[in-house]
Every structure is written in C-alpha cells, then in structure tokens.
There are 2 protein chains.
Amino acid sequence: MSTIFFAYQRFSSMIDLKKYNLNKNQHRMIYLVAELNIASIGKIQKLLNISRQAFNVNLRELVERKLVNEVTSKKDKRIKTLELTEKGIELNNKVNEEQKKEIEAIFDRVNNDWEKAMIELSKEYINELDK
Amino acid sequence: MSTIFFAYQRFSSMIDLKKYNLNKNQHRMIYLVAELNIASIGKIQKLLNISRQAFNVNLRELVERKLVNEVTSKKDKRIKTLELTEKGIELNNKVNEEQKKEIEAIFDRVNNDWEKAMIELSKEYINELDK
DNA sequence: AATAATATGTCAACCATGTTGACATAAAAA
DNA sequence: TTTTTATGTCAACATGGTTGACATATTATT
C-alpha cells in the first residue's frame, strides 16, 4: 500500500503545473475532459469532488484562456458539456509530456511489469533523500 | 498513464482525514515517519517538499497532540529524528484501515495482478459518475 | 398553464494552508 | 575563532477552498 502512496508522490512530482499557470484542480479538470469524452459539468464537478464555486472559478479561467469550450446539450438545454479546444489539447499534451516519457522509460526498464514499475517509482521517491 | 492518475484519485478518496483532524501534509508526515525508520527532520521535510515553516507548524501540532516524538541524535546533536508515539502508531493504523481493507479486497479479486488492480481502481473512480 | 425540480452561475464572507524572507540558536566543522 | 549546518519562529502575504444565499433557464410534474 505504501508503494501506491509513494509511487504517486513521485508520479505527480514529474509535472510542473506552475510552468503552465495551472493549479491542481484545473489540471485535473483538463485531464478529465481529455480522457472522458463528453461529460456534463455537473458530473465532472462531482468527480473532482470540489465545491461548485471552486469549480466555476477554475472553469471560468480555463474558458477565458480558450483551453476549454462549453457546449450546450441539444437534448436538454440545461446541461453543458466540456471539451478541450485545440489549444487545450496542445497544452494538455505538453503538460504531461515529461511525465509520460519518464513513465514509459520505467515501464520499458521493467518489461511492462506493473508491480515492478510501481516499486521503482516508489523507490525513486524515497531515494530523493540521498540527493 | 491515466490509469495511475485515476487510480490514485480513488485510492486517496478512501481516506477521510477530516475525521481524524489531520491535514494532508500531516498525514504524509505520519505516513513517512511510520514507513521510513529514522530520518532526520530535514530529510523528511525535503521529501514532503514543503517550506520549512509549513513543515514546522504541522509538526508542532503533531508533537502537541503527542502523536510524534522528536529525538535528538546522539552523534550529532544538531539533528533530530522523528518517531511515532504509541498513540501515533494507533492513529496511523486507524486512518489507513479502511483504505487497506479496500485495497486488499481489490487485489484479492484480481489475484494480485497489479495492472488489473490499478485498472480496477481507476474504473471505480470514473464510475462514481453513475451514482 | 402553473408549479416544482434540475442544472447551472455568481457573490460575499470566511477559512485553511502555504510561501517567503528575516532573524535566532546550538552544535559541529574548518 | 569563524563558518557552516540543522533547526525554530515570526510577520506579511498569497492561493485556493467552502458555505450559504440568491438568480436564471429549462425541463418535468400535476
């Protein structure tokens, strides 16, 4: 269990959100929108597990920065779904690029063995001690 | 990669820190102290990757609540190491209990296949949509 | 048609937690 | 003796979150 815990610390340290002027929830938002296709605002907010206010403030900024589009559903005009703009897709790729490379390198090293990969990540985290 | 990301969201949602009056960094601190044995304050702080001030404020509270002891190193009296008190160990176990159970149940279900376990966790996260 | 419920947006007030930079002390190293 | 290291603490400020009240448009219910 500590493996999962520590591995994730390492995993998330591979991303530098500041560089892209995103906060954690905005990153989670973009990531979710990119991975799920088509989910209503309400559902995304529920997944993020943050207050409506926090959600809206963050979303507003992403929309203003033209990273995300809001699309009103045709069946039920109360509902809006989110999608990434071209710019949003590009940013998302860039943000995750470094992490992706490192993770892929690790999986290569351990022949795609998930257990070994996670242990490796976990070790990398703990070994930051010795730097 | 999204598997690791989503799986961890689910993983961390299994713990309710509020119930135990801990914030995230205090939990990380306790968790680290429990898993590593014997690490200096400086090293733990570096691992947590937070400012000295944030570290000290959080640590102070843990010490006041008698969850953690500070031990001055004999070799080098400048250095202090941290250890959990009995009460700290107990709390740590309690905090992680529910998570541990759920994770073990998942690993049982997938015959300890890490890849499947992580995918399962990830799915559980996404499927919170349908509640 | 009238009323209720749903999905969303927004504001103000407040709170939790973090960062930075300056300063301080004790111990060890040079 | 001087410098460096490991630690502690303060004040000022920044970031980001929550809550509760209120508002609108649309759909569902009666």
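Chain letters run A, B, ... following the sequence lines, proteins first and then strands; every chain starts at 1. Values in this document were obtained by computation on a predicted structure and should not be read as measured data.
The ring-ring contact (aromatic ring centres under 6.0 Å, His included) contacts involving residues 28-65 of chain A comprise His27(A)-Tyr31(A), Tyr31(A)-Phe5(B), Tyr31(A)-Phe6(B), where partners must be two or more places apart or lie in separate chains. Annotation: side chain to side chain donor-acceptor pair (under 3.5 Å) contacts involving residues 64-75 of chain B, sequence neighbours excluded, are absent.
Residues passing the salt bridge (Lys or Arg N to Asp or Glu O under 4.0 Å) test with Glu102(B) are Arg10(B), sequence neighbours excluded. When the side-chain contact (heavy atoms from CB on, under 4.5 Å) test is applied to Ile119(A), the partners found at least two apart in sequence or on another chain are Thr3(A), Glu115(A), Lys123(A). Applying the side chain to side chain donor-acceptor pair (under 3.5 Å) rule to Arg109(B) yields the partners Glu120(B); only residues at least two apart in sequence or on another chain are considered. Applying the side chain to side chain donor-acceptor pair (under 3.5 Å) criterion to Asn23(B), with sequence neighbours excluded, gives Asn58(B). In this structure Arg60(B) satisfies the salt bridge (Lys or Arg N to Asp or Glu O under 4.0 Å) test with no other residue, sequence neighbours excluded. With sequence neighbours left out, the salt bridge (Lys or Arg N to Asp or Glu O under 4.0 Å) criterion links Arg78(A) to Asp76(A).
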**OP:** Summarise how protein sits on nucleotides 2-14 of chain D as a single string, 5' to 3': B when a protein heavy atom is under 4.0 Å from the base, S for sugar-phosphate-only contact, - for no contact.
**Re:** ---BSBBBBB---
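Defining each end axis of the helix from dA1(C)-dT30(D) to dA30(C)-dT1(D) as the rotation carrying four pairs' C1' atoms onto the next four, with five pairs an end, the two axes are found to diverge by 30° to 10 degrees.
Shown for residues 22-31 of chain B: residues whose heavy atoms fall under 4.0 angstrom of DNA chain C, namely Asn23(B), Asn25(B).
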Shorter than 3.5 Å, N or O on both sides, protein versus nucleotides 1-3 of chain C: list them out with atom names.
none

